[in-house]
Asker: 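Take a look at the following structure, please.
Convention: sequence-line order gives letters A, B, ...; per-chain numbering from 1. Values in this document were obtained by computation on a predicted structure and should not be read as measured data.
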Amino acid sequence: MDKYQPKNFEEKWYQRWEQANRFAPSGDGTPFSIAIPPPNVTGTLHMGHAFQHSLVDSLIRYRRMKGNNTLWQMGTDHAGIATQLIVTEQLAAEKIKPSDLGREKFVGKIWEWKEKSGNTISEQLRRLGASLNWETERFTLDEGLSRAVLEVFVSLYEEGLIYRGKRLVNWDPVLKTSISDLEVASDEEEGHLWHLRYPLADNPKEFVVVATTRPETMLGDTAIAVHPEDPRYKALVGKSILLPLTERTIPIISDSYVDQEFGSGCVKITPAHDFNDYDMGKRHGLEIINIFNEDASINEQAPKKYWGLDRYEAREIILKDLEDMGMIEKVEAHMLSVPRGERSGVIIEPYLSNQWFVKTKPLAEPAIKKVEEGEIEFIPKNYENTFFVWMRDIQDWCISRQQWWGHRIPAWYDNEGKVYVGRDEEEVRHNNHLKDDFFLSQDEDVLDTWFSSSLWTFSTLGWPDRTIELKTFHPTDVMVTGHDIISFWVSRMIMMALKFVEEVPFKKVYVTGMVTDANGQKQSKSKGNGLDPLDIIDGISLDDLIVKRTTNLLQPKMAERIAQNTKREFPNGIQTYGTDALRFTFYSIATRSRTIRFDMNRVEGYQHFCNKLWNAANFVFINTIEGEIGNGVSNNDVIDKWIVSELNHTIQLVDQAMDRYRFDLAAKAIYEFVWDELCDWYLELVKPILNNPEIDNQLVQTKRFTLITVLEQTLRLAHPFLPFVTEELWQKLPGKIRGEGKTIMSQPYPSLNQTLIDPSAKLDITWIKEVVTGTRNIRGEMDIPHSTPIPIIFANGSDMDKSRLYEFQSLLEYLIKPKEIQWSESTDKQPPSSTHLVGEMQLLVPLKGLINKELEIIRLDKEIERKINDKSRTAKKLGNNNFISKAPLEVVNKEREKLIEIDSALTKLKEQRLKIASL
RNA sequence: AGGAAUGUAGCUCAGUUGGUUAGAGCAUCGCCUCGACAAGGCGAGGGUCGUCGGUUCGAAUCCGACCAUUCCUACCA
């Protein structure tokens with residue numbers, strides 16, 4: 001058999017599965033379904049996706065093999081702003097602006113781009129082995145889902161849960177659109193606090209000083225505010241000031257929102273450009289003056305001098321003008337949190353505009369209730385708090401975007417600006433009895449992408465039609481996603497599903513940790529520390545990796561640093577690991593922690609594991625290919641009973657782990673079974689029988705049968721986690737063992753057979769392990785090579801030891817490679833030896849010609865010291881009357897027995913040391 | 001500012017309702033080509049479980065305070 005080379009077979013198997021339509025739901029088992037969090041259609045797979053989808057795929061494959069009628073619903077998201085941005089940038093390279101093309105042509109360009117690059121992510125998912133049902137793949141802008149969006153919009157509007165209004169929203173002046181609170185990220189940045197002097201209207205020689213971080217907004221000030229209790233300013237309340245640079249006089253008001261301690265204790269109020277000021281403006285009936293255009297340049301509400309200036313140009317000039325007038329008291333350095341648009345990276349402006357909103361409170365209440373009642377369960381549970389905190393203080397959701405790519409808002413306006421909402425223009429005219437020549441124009445805006453995503457679990461299943469799919473697979477069983485998406489998406493799906501299909505969208509929410517780089521840094525394009533999962537699967541050279549990380553950077557000056565960091569982290573690039581190794585890594589690191597540092601060393605370790613499994617299978621094939629494989633009629637010996645018992649124990653562990661979404665524990669159980677039990681012990685224990693021509697053929701056949709059936713079950717057990725290598729190996733099994741099945745992925749999952757758990761077999765094997773490990777310890781410590789046979793004496797053993805030696809002597813001879821094994825009733829008159837204790841029994845390896853006396857004394861001293869420590873710990877416990885009287889009897893007895901054992905061992909070791917020392 | 005999470009070996013992480021000597025992988029150090037596997041085998045070293053207190057016969061585990069890191073929410077102009 002060839003070496004383990006994942007690239008030789010991984011893609012092949014995926015193609016065969018897909019061609020044979022293995023990913024479609026089938027059978028009449030209990031339905032089990034998961035909806036994929038729709039990736040951005042024009043995006044690429046990042047490590048977080050690969051991680052989540054690997055977890056989901058194991059759940060899906062596990063359930064499918066368990067006989068569930070299983071659906072993993074595939075689909076992608078149109079990602080409005082992100083996609084429009086990409087295409088806009090591409091056109092910019094050809095010096096074309098979207099406005100040059102007009103709406104229709106521009107949207108056409110995006111569709112072209114979608115057709116071209118839309119399957120990148122699908123191909124990546126295939127490489128991951130994701131057993132998604134491609135047949136029913138959906139896209140948020142396709143006909144069916146668009147129908148669902150219309151239906152929901154119209155019905156929420158009719159119920160008064162969608163409304164249009166002029167509000168202050170987060171405005172991206174580069175993208176020229178509103179964005180939701182969630183798409184704004186605030187970070188601390190260095191700035192300044194300018195203290196400006198505003199002269200009093202009735203006494204322009206006197207000033208009130210206000211502090212601001214955004215001096216340019218002063219052009220839109222409509223009041224200044226002080227705290228009602230502030231003695232410095234009490235007398236001024238009700239007076240007015242002359243707003244510099246403008247011709248306006250504005251009032252001084254009092255409001256307890258003002259913090260007396262901050263700045264001068266006096267704050268300028270700009271209702272059109274600050275959320276708090278907006279609220280305050282409403283409270284006091286202040287004028288609202290918007291001084292910005294859509295691109296945040298100064299508009300005609302400001303003095304002519306500043307018209308058309310960009311907000312930051314305007315700032316400089318305004319400051320200079322104020323300075324010239326002597327109106328700047330002082331400037332301080334100041335850290336402030338600056339809101340930036342997630343997509344464009346520019347500073348977001350609060351901006352007054354007409355927008356559409358969803359009234360969320362009435363939708364949130366039932367959603368909160370379902371989670372409280374446990375109908376939806378978050379795993380880990382504490383993420384429910386994140387959900388509750390968000391939902392209990394939920395703000396209305398601004399759903400209109402001033403973009404072209406997306407679901408156009410189904411609202412029409414007449415000449416007077418009256419709004420008509422309906423599924424299409426025809427319906428609007430009909431319902432409102434409007435003649436065909438009555439002027440109507442449709443709203444230019446599109447809906448927030450998350451609006452369509454919020455319908456995802458049911459719109460993908462055919463809603464608003466009551467399809468059989470919807471009936472069968474909704475609610476879905478679990479949603480697997482990152483914590484950053486709980487408020488964006490999870491909460492909104494819950495609200496919408498409850499509203500429109502009157503059931504929860506999923507029963508469980510498994511919140512994964514966030515995959516970071518080896519330094520715990522979030523992976524991102526701008527930091528240049530992101531990894532493409534395919535580069536771990538296929539490998540990539542250092543040069544290619546640097547190119548990949550440094551092209552299309554938003555900040556090109558970062559390129560040099562990114563290249564340096566990449567060189568340091570991956571001096572030799574990334575080698576080829578294959579999908580299975582990557583996947584197994586994901587399972588192993590899927591613990592309950594919220595950040596997961598991705599460590600390439602672990603991928604390497606799990607690649608070795610795949611290799612180990614490969615080679616173990618190879619061993620099995622070599623030993624079963626020629627001779628007869630028995631029929632399983634058991635004259636199983638204790639060794640076979642033991643490995644079957646271990647296998648069943650592992651099956652149990654995997655089931656328990658999967659029930660609790662502990663992918664790490666499932667992976668660990670499989671890893672340990674394959675490597676530590678099957679490879680390290682069972683295959684070794686079986687060799688002397690398989691390779692011995694004198695052994696009874698019946699026994700050899702039984703061994704072969706156990707060997708190959710244990711392998712076959714192990715492959716099935718591991719398949720959800722290692723889909724490719726298990727399929728490749730399973731296909732090499734003889735048909736007699738494999739059965740009629742065409743693929744491992746449709747075979748039944750191994751299930752626990754409690755009657756095969758055999759504790760007594762385990763005790764026997766444990767004894768063998770102890771004896772073998774004991775002699776290996778002596779060999780290892782004494783540097784005696786495996787090739788040198790050593791004489792060994794079993795002294796002072798019990799009847800049980802004796803009978804076990806009798807039973808397993810030939811095995812032990814194979815494993816220990818002794819010159820001979822002697823049995824001795826007592827330790828008297830034995831030659832000076834190196835000793836290892838197995839319970840009461842002593843393993844003796846005579847020193848003569850093999851072992852250095854001093855080395856043995858050192859080894860014994862180490863052992864003795866350990867025992868002395870144990871003894872004092874145990875004796876101390878037993879010397880404590882409180883322990884004796886309060887601890888449970890069995891714990892006390894355990895300690896008593898332990899003390900006896902330690903004492904006996906200690907005595908023997910000390911005797912032994914005396915004996916050696918006296919030589 | 002409020003809320004949450006995390007802190008265990010050099011690194012990345014397990015450790016279930018408190019109960020043998022706190023485990024694994026990687027890394028380190030010896031020895032070994034023995035017919036599945038050097039992507040391997042065997043052996044060894046390595047930890048005051050963030051700090052301090054409390055509860056308890058007994059604490060990595062439960063409670064409190066503090067320190068450090070991280071995230072979320074709200075932001076003081």
Asker: Nearest of rU20(B), rC13(B), rA14(B) to any side-chain atom of Leu665(A)?
Answerer: rA14(B)
Asker: Under a 3.5 Å limit for both distances, which nucleotide forms a Watson-Crick or G-U wobble pair with rG43(B), could you say?
Answerer: rC29(B)
Asker: Identify the nucleotide, in any strand shown, that forms a Watson-Crick or G-U wobble pair with rG7(B), with both distances under 3.5 Å; if there is none, say none.
Answerer: rC67(B)
Asker: Starting the side chain at C-beta, find the nucleotide from rC37(B), rA14(B), rU21(B) nearest to Thr591(A).
Answerer: rA14(B)
Asker: With a cut-off of 6.0 Å (strictly less than), are more than 12 heavy atoms of other residues, nucleotides or ligands near NZ of Lys894(A)?
Answerer: no
Asker: Just name whichever nucleotide pairs with rU73(B), Watson-Crick or G-U, keeping both distances under 3.5 Å, else none.
Answerer: rA1(B)
Asker: Can you check the distance between rA9(B) and rG46(B), where both ends of the measurement are the P atom (answer in whole Å)?
Answerer: 15 Å
Asker: If you check the Arg597(A) side chain, which of rA14(B), rC37(B), rC13(B) turns out closest?
Answerer: rC13(B)
Asker: Across all strands shown, which nucleotide pairs with rU55(B) by Watson-Crick or G-U wobble geometry, both distances under 3.5 Å?
Answerer: none
Asker: Can you say whether a donor on the side chain of Lys862(A) sits under 3.5 Å from an acceptor on the base of rA44(B), or the other way round?
Answerer: no
Asker: Flag this pair as yes if the NZ/CZ of Lys817(A) is under 6.0 angstrom from the six-membered ring centre of Tyr814(A) and inside a 45 degree cone about the axis; otherwise no.
Answerer: yes
Asker: Does the Glu332(A) side chain pair with the main chain of Leu193(A), one donor and one acceptor, at a distance under 3.5 Å?
Answerer: no
Asker: Side-chain donor or acceptor of Ser337(A) under 3.5 Å from a matching atom on the base of rC75(B)?
Answerer: yes
Asker: Of the listed nucleotides (rA77(B), rC37(B), rC34(B)), which one gets closest to any side-chain atom of Lys268(A)?
Answerer: rA77(B)
Asker: Arg776(A) CZ to rG41(B) C1': how many Å, rounded?
Answerer: 8 Å
Asker: Report the nucleotide, chosen from rC71(B), rG19(B), rA77(B), that has the shortest atom-to-atom distance to any side-chain atom of Ala211(A).
Answerer: rA77(B)
Asker: Starting at CD of Glu895(A) and ending at C1' of rC57(B), how long is that distance when rounded to a whole Å?
Answerer: 11 Å
Asker: Indicate yes or no: does Arg214(A) engage Glu349(A) in a salt bridge with an N to O separation below 4.0 Å.
Answerer: yes
Asker: Among rG40(B), rA39(B), rA77(B), which is the nearest nucleotide to the side chain of Leu336(A)?
Answerer: rA77(B)
Asker: Go through rG30(B), rC42(B), rA77(B) for me and flag the one nearest to the Tyr257(A) side chain.
Answerer: rA77(B)
Asker: Pick the nucleotide of RNA chain B nearest each of Met514(A) and Lys886(A); which residue has the one closer to the 5' end?
Answerer: Lys886(A)
Asker: Is the shortest side-chain N to carboxylate O distance from Glu901(A) to Arg896(A) below 4.0 Å?
Answerer: no
Asker: Can Arg597(A) and Asp517(A) be counted as an ion pair, charged N to O under 4.0 angstrom?
Answerer: no
Asker: Counting heavy atoms from C-beta on, name the nucleotide in rC13(B), rA39(B), rG45(B) closest to the side chain of Arg866(A).
Answerer: rG45(B)
Asker: Whole angstrom is fine here: how far is it from CD1 in Ile596(A) over to P in rA14(B)?
Answerer: 9 Å
Asker: Searching all strands shown, indicate the nucleotide that pairs with rA24(B) (Watson-Crick or G-U wobble; both distances under 3.5 Å).
Answerer: rU12(B)
Asker: Could you say whether Lys817(A) or Glu672(A) is positioned toward the 5' end of RNA chain B, judged by the nucleotide with the nearest heavy atom to each?
Answerer: Glu672(A)
Asker: Can you tell me how far P of rC72(B) sits from CZ of Phe388(A), to the nearest Å?
Answerer: 21 Å
